[in-house]
Amino acid sequence: MKIIGLSGSPRVRGNSDIILDALLSGAKSKGSEVRKYYLNRLKVRGCQACYACKRTGECKQKDDMRPLYAQLLSAEIWVFATPVYWWGPSAQLKLVLDRMFPFCHPPNLDQVRGKKAVLITASEDRPALATPHLCGMIRESMDYLGIKILDELLIRAYQKGEVKNNRSALARATRLGEKIASGK
Ligand SMILES: Cc1cc2nc3c(=O)[nH]c(=O)nc-3n(C[C@H](O)[C@H](O)[C@H](O)COP(=O)(O)O)c2cc1C
């Protein structure tokens, strides 16, 4: 089972990143091949809405999305980890989501349909208040691509790294990683 983690926070070892690491280490312990990207470190430009990908299946832009497309296509599970910014995802994650437009068109659509996804969020406010729009957006987007969301870990935390004191959240993330690695 190949799992790709997209860490959308600019904070390395921030809350969403720590939860992502716990999930990925659980998955790795059960034999999954895991790969993680810090989206903030990638040079990814916004979608230019040229619709070239609709005609050719490929994005014309030559930036760090190129290798990421290949990694996304080869992974069976995508894990999105993001802080909640203004009730939505981080800009870093939104850029990458917009650039997934080539996946909406055949033949790419056939390659992504059937994959699975997990959403991890960190927010200062209670998840019930902070995440509905973000969850809705990811759910609709994944549904559009034919990708099932396996679970959502919606964590409440504010200061950088404070979630490392939240043992139950960490344990839940590790267990989820173990579970998805076993294909359950
Ligand atoms: C630009 C910005 C916008 C934010 N917007 C929200 C918000 O809408 N709701 C919320 O609960 N927290 C908001 N926060 C707080 C972060 O979600 C919170 O600090 C979270 O733990 C960050 O996750 P990270 O450590 O993974 O980066 C915001 C923080 C920043 C910097």
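Remember, it's 1-based here, ligands and their atoms both numbered in the order they're listed. We use all heavy atoms of the structure for the numbers below, so side chains are in, but hydrogens, waters and symmetry mates are not.
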Sub-4.0 Å heavy-atom environment of ligand 1, residues by chain: S9, R11, G14, N15, S16, P83, V84, Y85, W86, W87, A122, S123, E124, D125, A130, A157, Y158
By ring pair (Phe, Tyr, Trp, His ring centres under 6.0 Å) - contacts of Y69 (at least two apart): F103
Would [X] and [Y] count as having a side-chain donor-acceptor pair, cut-off 3.5 Å?
X    : Y    : answer
S9   : D17  : no
S32  : K2   : no
D143 : S141 : no

For W86, which fellow cluster members are found when Ile, Leu, Val, Met, Phe, Trp and Tyr are connected by side-chain heavy-atom distances below 4.5 angstrom, either directly or through intermediates? W87
Joining Ile, Leu, Val, Met, Phe, Trp and Tyr whenever any side-chain heavy atoms lie under 4.5 Å apart, the cluster holding I3 also takes in M1, I18, I19, L20, L23, L24, V34, I77, V79, V118, I120, L150, L153, I155, V163, L170, L176, I180
